[in-house]
Amino acid sequence: DILMAQSPSSLSASVGDRVTITCQASEDIMTFLAWYQQRPGKAPKLLIYDSSTLKTGVPTRFSGSGSGTEFTLTISSLRPEDVATYHCQQYDSLPLTFGGGTRVELK
Amino acid sequence: EVQLVESGGGLVQPGGSLTLSCVTSGFPFDNYDMTWVRQAPGKGLEWVASIKKDASDKYYADSVRAKFLISRDGAKNTLYLRMNNLREADTATYYCARGSEDDGMEPLDPWGQGTPVIVSS
């Protein structure tokens, strides 16, 4: 199974801050990497797929990068509505595997 | 609008069974692979099972293989998860999600709102 190591597990930032979350795969997954946002009490929503492609309608302050085993999700300027847990997921092969999640809170 | 609506969760005793349903609308159900993902309270996401668009192949996480059965009914646009011999470790919110339309792998999008399963005596 491909292990996904996500860090940090939580962070606290101020409105307007730049936020960076990383995800490391245990083996090469090319760019088969997605990022999901899960607001409290809600289902996950797809933000980014193929490592860097923004889903239609997702604000452009979100961006993704990386290939192979190292990936990054960046929020360029944090807004209050971005308070959520963010999950990375590889879809290179089954079993589908997720990172442990990063909880983003407002300072 | 694409919609996925799960139901069938609830409280069940250890060793019991439940069948979850995921009614879909707004897209050609028979054209898409479908997946179940679960999330234990306060924990991360765990893939449970996937089924190909024509039901020709079914895939399971090791933790549920031989206990759970994924199936689909194209006439009802509905995905199912039959869960047997439930244990406390199966306590989670269960989400259905739409997968790939073609033969390759794609991210899960969208997801249903989830249905909670609590296994407790």
Side-chain angles (χ1 to χ4, degrees), chain A residues 1-10 21 23 25 27-58 62 64 71 73 84-104, chain B residues 1-7 9 20 22 24 27 32-52 56-65 68 70 92-116:
Chain A
D1 299 3
I2 299 175
L3 301 180
M4 305 299 293
Q6 189 174 338
S7 63
S9 57
S10 66
I21 299 168
C23 190
E27 57 188 83
D28 188 346
I29 58 170
M30 293 178 282
T31 56
F32 294 114
L33 190 284
W35 290 98
Y36 300 90
Q37 177 191 64
Q38 185 177 27
R39 293 191 171 111
K42 300 295 185 181
K45 289 186 175 180
L46 179 66
L47 291 179
I48 290 169
Y49 60 96
D50 293 345
S51 176
S52 61
T53 303
L54 209 62
K55 181 185 171 181
T56 301
V58 173
F62 291 93
F71 301 89
L73 171 70
T85 298
Y86 294 84
H87 308 271
C88 63
Q89 178 232 329
Q90 67 81 19
Y91 50 99
D92 176 73
S93 63
L94 291 177
L96 303 179
T97 48
F98 295 85
T102 296
R103 178 179 294 181
V104 175
Chain B
E1 180 190 7
V2 174
Q3 284 195 318
L4 292 76
V5 180
E6 301 96 333
S7 62
L20 307 183
C22 171
T24 73
F27 67 99
Y32 286 83
D33 301 344
M34 297 294 294
T35 288
W36 287 98
V37 175
R38 68 184 180 182
Q39 185 172 37
K43 302 297 184 182
L45 300 168
E46 179 189 16
W47 171 74
V48 172
S50 296
I51 185 169
K52 299 293 285 184
S56 59
D57 288 299
K58 303 172 185 181
Y59 308 92
Y60 298 92
D62 288 345
S63 57
V64 307
R65 188 172 289 117
F68 289 8
I70 189 171
T93 295
Y94 286 72
Y95 298 99
C96 64
R98 189 179 71 175
S100 176
E101 186 178 15
D102 58 28
D103 289 336
M105 300 282 281
E106 291 182 6
L108 302 173
D109 181 53
W111 298 49
Q113 86 287 352
T115 188

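Proteins come first, then strands; the chains are lettered A, B, ... in the order of their sequence lines, and each starts at number 1. Worth knowing before you read on, the calculation uses all heavy atoms, side chains too, and leaves out hydrogens, waters and symmetry mates.
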Chain A contact via B:Pro110 - side chain, backbone, both or neither, heavy atoms under 4.5 Å:
neither
Bottom line for B:Glu106: the part with an atom under 4.5 Å from chain A's heavy atoms is backbone
Can you confirm whether more than 12 heavy atoms, excluding those of B:Lys58, are under 6.0 Å from its NZ atom?
yes
Counting heavy-atom pairs under 4.5 Å to chain B, which of A:Gln89, A:Gln90, A:Lys55 comes out on top?
A:Lys55
Of the backbone (N, CA, C, O) and the side chain (C-beta and beyond), which part of A:Ala43 lies under 4.5 Å from a heavy atom of chain B, both, or neither?
both
Hey, could you give me the CG/CH2 distance between A:Leu94 and B:Trp47, rounded to the nearest 0.5 Å?
5.0 Å
By ring pair (Phe, Tyr, Trp, His ring centres under 6.0 Å), B:Phe68 pairs with (sequence neighbours left out) none
Checking an interface table here. Which of residues 92-104 of chain B come within a heavy-atom distance under 4.5 Å of chain A?
B:Tyr95
Residue set satisfying ring pair (Phe, Tyr, Trp, His ring centres under 6.0 Å) with A:Phe98, at least two apart, ordered chain then number -> none
Using only atom types and a distance under 3.5 Å, with no angle test, would you say the side chain of A:Tyr36 pairs donor to acceptor with the backbone of B:Asp109?
no
Which pairs count as salt bridge (Lys or Arg N to Asp or Glu O under 4.0 Å) when at least one residue sits in residues 35-52 of chain B, sequence neighbours excluded?
B:Asp33-B:Lys52, B:Arg38-B:Glu46, B:Arg38-B:Asp90
Run A:His87 and B:Gln39 through side chain to side chain contact (heavy atoms under 4.5 Å, CB included) and show every step you take.
CA-CA 12 Å; A:His87 308 271; B:Gln39 185 172 37; 4.1 Å; yes
Start with the C-alpha gap between B:Leu108 and A:Tyr91, add the side-chain angles, then the distance that decides, and say whether side chain to side chain contact (heavy atoms under 4.5 Å, CB included) holds.
CA-CA 9 Å; B:Leu108 302 173; A:Tyr91 50 99; over 6 Å; no
Select, from B:Pro107, B:Ala61, B:Gly114, B:Gly112, the one with the greatest count of heavy-atom pairs under 4.5 Å involving chain A.
B:Pro107
Is there a side-chain contact between B:Val37 and A:Leu96 (heavy atoms, below 4.5 Å)?
no
